[in-house]
Novice: 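If you scroll down you'll find the structure; I have some questions about it.
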Amino acid sequence: MTEHTVKRTFNSQLGTGIASFVLCFILACILWPIWSLIMKSIFSSLAAAGLAAVEPGTAGELMGVMVEGSFFWMVINPWIWMTIIMGNYGKTHYTTKQPHAGLWYSVVALIAGLLAFFVIIGFIGIWWKPFNLALLLTPKTAAEVELAIMGWGAANFLALPVIMTQIPFAALFHKWPFAGTSKQPTEGWGVFFFSTLAVVIVWIATVIPHFIPFSVNGQSVVNPPMGSWATWVAFCQAFIFVFLIPAEGGEGYPMKLFTQKQPYMGIVGFVIALAAGLIVPPIVRGIIAPLDLLPGAPVDLAVASIILTGVISMLFWHHLFDDYPSAQLVPNTAARVLIRLAIWVVLGAVLGVIWLKIFTIVPFGANNLGMGYPTMGVLAGQFAFLMTLLFYNTFFDKWPLVYKERVRVGYKETVANLKEDLP
């Protein structure tokens with residue numbers, strides 16, 4: 001018979017985590033330039049007429065949102081749908097061997113994201129000019145370029161409601177009311193369509209007003225949430241950080257302190273995260289405002305960036321370090337969760353300040369290495385690293401630092417192994 005044994009390059013949990021972190025950072029520095037150059041080439045061909053009709057600054061802005069949009073739609077959104085909502089259904093359909101399974105599922109994700117863009121934005125674009133696919137992909141005049149920039153900006157940040165709305169259906173509500181009602185992928189499709197309805201509502205209410213101004217006879221008919229995009233994003237990052245805690249190392253807390261039954265757990269967790277979104281950014285703002293970490297930029301942009309680094313610290317500690325310390329090292333649940341929380345906050349603060357100081361020299365931050373490819377900037381740039389580590393852990397199972405080796409075992413060994421696994 002054939003079984004799988006897990007082989008690790010580093011026996012230490014922390015060693016594997018540190019090596020994985022370094023590997024993912026290096027990969028992000030390599031993969032983003034490649035992605036950006038390929039997408040720039042494609043969009044430059046499609047939008048050639050529009051790019052030629054505007055001044056270089058506007059042309060660069062259009063190219064930037066186009067390339068950014070390709071990443072948001074083909075990488076960020078499908079990872080959430082396929083991993084968080086669908087539980088990586090179908091990843092090992094053809095093979096369990098890595099990197100083959102990871103490569104296969106990465107291709108599926110890219111195609112799924114592309115199809116979703118054409119279906120969702122294409123449908124809306126039938127009536128909304130800024131979302132018209134022909135205008136988004138092939139603008140021909142300066143006026144169309146301006147509309148395309150608006151449309152891409154709003155379309156790209158559908159990713160924010162996807163993160164804020166769809167992940168909580170799993171992290172807080174544990175896929176209630178669909179969990180356990182049917183087998184995959186039916187259960188996942190139920191969660192997907194139900195949560196997508198919430199995504200669209202949040203997107204229309206909070207994102208579109210920031211990117212597409214509406215006015216009647218000179219009178220504005222929308223109020224962008226919290227007055228500015230930077231302030232709104234800071235709220236969003238604090239909200240995301242807290243609602244992720246129960247699922248990313250918090251072992252169900254803090255909402256388990258109040259109830260352990262759904263949907264009440266989800267409601268409590270949502271309220272706690274909402275309160276954190278309102279309370280945490282002003283606290284962080286008061287601490288970092290005197291430091292002037294981003295000269296010339298709104299202070300809330302630095303606030304949003306540092307809290308986002310806290311989110312990423314939580315995620316890489318969960319995915320790369322396997323929620324160190326384990327229950328074997330720290331048996332007490334409260335102590336274990338509080339230690340992890342301290343790690344996330346300290347790492348988020350330290351790495352957040354470091355990122356603000358180095359993002360201008362990082363290839364996926366604001367340094368195009370003289371090759372002219374669009375970069376992601378202080379906020380979106382962090383997602384280039386984040387998505388690299390998320391794909392590495394969930395699609396590729398930490399290959400090549402961790403891999404499964406097929407071994408042949410005899411009947412007696414197999415029976416012995418089964419007995420050991422019995423309670």
Side-chain angles (χ1 to χ4, degrees), residues 57-58 60-73 76-77 121 124 128 130-131 136 145-165 199-215 220-241 243 273-274 276-286 288-289 292-312 352 355-356 359-360 365-366 374-384 386:
T58 304
E61 186 179 0
L62 175 63
M63 189 54 56
V65 292
M66 283 178 150
V67 173
E68 184 178 80
S70 69
F71 181 76
F72 282 22
W73 278 94
I76 297 177
N77 291 343
I121 300 303
I124 298 172
W128 287 59
F131 300 119
L136 285 176
V145 168
E146 293 293 340
L147 284 175
I149 291 172
M150 276 190 220
W152 276 107
N156 293 353
F157 283 99
L158 182 128
L160 193 54
V162 166
I163 295 169
M164 293 177 63
T165 307
V199 166
V200 173
I201 293 172
V202 173
W203 180 58
I204 292 172
T206 66
V207 173
I208 289 181
H210 281 289
F211 290 91
I212 302 179
F214 294 96
S215 62
S220 177
V221 296
V222 294
N223 290 315
M226 299 189 173
S228 76
W229 179 246
T231 304
W232 171 246
V233 174
F235 161 83
C236 294
Q237 301 312 319
F239 175 79
I240 292 167
F241 180 91
F243 82 59
L274 191 63
L278 297 171
I279 295 170
V280 172
I283 295 173
V284 177
R285 186 187 305 123
I288 71 169
D292 195 21
L293 296 173
L294 274 179
V299 66
D300 279 340
L301 189 62
V303 171
S305 178
I306 286 180
I307 300 176
L308 173 57
T309 309
V311 173
I312 293 173
W355 170 254
L356 290 174
F359 81 95
T360 54
T375 53
M376 296 279 272
V378 66
L379 288 181
Q382 296 197 57
F383 280 93
L386 174 61

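Heavy atoms only: backbone and side chains are in, while hydrogens, waters and symmetry mates are out.
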Novice: Between Val284 and Gln237, is there a side-chain heavy-atom distance shorter than 4.5 Å?
Specialist: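 They are not in side-chain contact.
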Novice: Measuring from atom CD of Glu61 to atom CE of Met66, what distance do you get when rounded to the nearest 0.5 angstrom?
Specialist: 12.0 Å
Novice: Please test Glu68 against Thr375 for side-chain contact (heavy atoms from CB on, under 4.5 Å), starting from the C-alpha separation and ending with a verdict.
Specialist: CA-CA 8 Å; Glu68 184 178 80; Thr375 53; over 6 Å; no
Novice: Quick check: does any side chain N or O of Ser220 sit under 3.5 Å from a backbone N or O of Val222, one acting as donor and the other as acceptor?
Specialist: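 Yes: the side chain of Ser220 pairs with the backbone of Val222.
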Novice: Under the rule for side chain to side chain donor-acceptor pair (under 3.5 Å), what residues qualify as partners of Thr58, not counting sequence neighbours?
Specialist: Glu55
Novice: Minimum heavy-atom separation for Ala230 and Pro298, please, with both atom names.
Specialist: CB-CB, 4.4 Å
Novice: What salt bridge (charged side-chain N to carboxylate O under 4.0 Å, His left out) pairs are there with at least one residue in residues 297-312, not counting sequence neighbours?
Specialist: Arg285-Asp300
Novice: Any idea which heavy atoms bring Pro374 and Val67 closest together, and the distance?
Specialist: CG-CG2, 3.7 Å
Novice: Distance check, rounded to the nearest 0.5 Å: Ile201 atom CD1 versus Thr165 atom OG1?
Specialist: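 Between atom CD1 of Ile201 and atom OG1 of Thr165 there are 9.0 Å.
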Novice: How many angstroms lie between atom CD1 of Ile76 and atom CZ of Phe383, to the nearest 0.5 angstrom?
Specialist: 5.5 Å
Novice: Provide the closest heavy-atom pair for Phe235 versus Leu274 in the form atom of the first, atom of the second, distance.
Specialist: CZ-CD1, 3.7 Å
Novice: Thr309: what forms a side chain to side chain donor-acceptor pair (under 3.5 Å) with it, not counting sequence neighbours?
Specialist: Gln382
Novice: With rounding to the nearest 0.5 angstrom, report the CD1 to CD1 distance, Ile288 to Ile306.
Specialist: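 Taking CD1 in Ile288 and CD1 in Ile306, the distance rounds to 4.0 Å.
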Novice: Which residues pass the ring pair (Phe, Tyr, Trp, His ring centres under 6.0 Å) test with Phe241, sequence neighbours left out?
Specialist: none
Novice: Of all heavy-atom pairs between Trp232 and Pro225, which one has the smallest distance, and what is that distance?
Specialist: CE3-CB, 3.6 Å
Novice: Just grab all the salt bridge (charged side-chain N to carboxylate O under 4.0 Å, His left out) pairs involving residues 203-213, residues at least two apart or on different chains.
Specialist: none
Novice: Can you see which heavy atom on Ile121 is nearest to which on Trp73, and at what distance?
Specialist: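 For Ile121 versus Trp73, the nearest heavy atoms are CG1-CZ2, 3.7 Å.
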Novice: Quick one: side chains of residues 145-162, donor-acceptor pairs under 3.5 Å with protein atoms, not counting sequence neighbours, listed by atom name and distance.
Specialist:
from, atom 1, to, atom 2, distance (Å)
Trp152, NE1, Leu136, O, 2.9
Asn156, ND2, Val65, O, 2.9
Asn156, ND2, Trp152, O, 3.2

Novice: With Leu379, which residues qualify under side-chain contact (heavy atoms from CB on, under 4.5 Å), at least two apart?
Specialist: Val233, Leu301, Ala304, Ser305, Leu308
Novice: So does His210 get a backbone contact from the side chain of Trp229, meaning a donor-acceptor N/O pair under 3.5 Å?
Specialist: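 No, because the side chain of Trp229 does not come within donor-acceptor range (under 3.5 Å) of the backbone of His210.
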Novice: Excluding sequence neighbours, so at least two apart, what forms ring pair (Phe, Tyr, Trp, His ring centres under 6.0 Å) with Phe131?
Specialist: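 Phe131 satisfies ring pair (Phe, Tyr, Trp, His ring centres under 6.0 Å) with Trp128, Trp203 once adjacent residues are dropped.
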Novice: With sequence neighbours excluded, what pairs up with Ser228 under the side chain to side chain donor-acceptor pair (under 3.5 Å) test?
Specialist: Thr231
Novice: Please name the pair of heavy atoms, one in Pro209 and one in Pro224, separated by the smallest distance, quoted to 0.1 Å.
Specialist: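 For Pro209 and Pro224, the tightest heavy-atom pair comes out as O-CG, 3.8 Å.
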